[in-house]
Amino acid sequence: MSTYKALFFDVDDTLLDFCAAENNALQLLCKDQQLAFTQETETSYKTINQQLWRAFEEGKLSRDEVINTRFSLFFKEWDQEVDGILMERTYRSYLEQGHQLIDGAMELLTQLQHKYEIYIVTNGVSRTQDIRLRSSGLHPLVKQIFVSEDTGFQKPMKEFFDYVFDRIPNLVPSEGLIIGDSLNADIRGGQKAGLDTCWYNPNRVVNQTEVKPTYEIQSLQQLYPILEK
Ligand SMILES: [Mg+2]
C-alpha cells in the first residue's frame, strides 16, 4: 500500500468535465447574442480565455480582471460591443448548471474516501464550484474544498498550498498526492508545495515543459494501481 494519507484533486477536467460545461454555457450565451456557435467562435473564446487565465496563474491579472473582460474581448472579435460584467453573470448562471462527471470520477472517490482524506484544490469561483460539486454528487465524498477565491491565492502559487496545509493539521506534504490535468497549476504547484504529483493526461498531450510529474495517467482508473503500490 502507498503511504499517502491524503489525496488532493483538481476539479475542472479532472473530476468534472469543464469542457462540456463551458461549451454548453458558451452556446447558450451565443444564442442570447444571436451569434452563430461554430468551431471558429468556440476556438476564439477558448484562446482568449486561456490567455487570460494563464496571466492569472502568473499573477499578472486578478481573477476579476479575467472574468469581467473575457466576454467583452470575445464578442469584440465578432464586432459586438457587450457589457463584460453582465455577460459574465449570465454565463456563470449557465455554467453552474454544468456538472458532467469525468468517466470513473464517482466510483473513484466513492472507493477512496474510506482509505484517504480527500480534498479538493481548485482555481475558480467558490459559488460555482460549490454548486457544481453538489449537483454532481461528489460533494459528500470530500473532506474539504479549497477554492482559490477563498484562499486569496491560486495554484500553482506556493501561498495557495500554504493556506491549505495550515488548515489540515497533522499532515505533512510528503504524505499527500495531487491529481490534476494542468502541468502548470497542479503539477508544478504541487511540486512547489512538496507533494507527489499525478498528471491526468487523457489526450496524451506531449509534455514539452520542464515539469516532470511523479506519475502520469490517461484514465482515472489508472490511479488505483498507483495507490496500491
Ligand atoms: Mg483542471
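Order of listing sets the numbers, starting from 1, for every ligand and every atom in it.
Closest N/O/S atom of Asp12 to the Mg ion (ligand 1): O. Closest approach between the Mg ion (ligand 1) and any N/O/S atom of Asp10 involves OD2. Sorting the N, O or S atoms of Asp181 by how far they are from the Mg ion (ligand 1) puts OD1 first.
Counting non-hydrogen atoms of neighbouring residues, nucleotides and ligands closer than 6.0 angstrom, the NZ atom of Lys212 exceeds 12 such neighbours. Within a 6.0 Å sphere centred on CD of Glu65, heavy atoms belonging to other residues, nucleotides or ligands number more than 12.
When each of Tyr116, Phe165, Phe146 is checked for a ring-ring contact (aromatic ring centres under 6.0 Å, His included) with Phe8, only Phe165 meets the rule.
Note that Arg89 lies outside the cation-pi zone of Tyr91, set by a 6.0 Å cut-off to the ring centre and a 45° limit from the axis.
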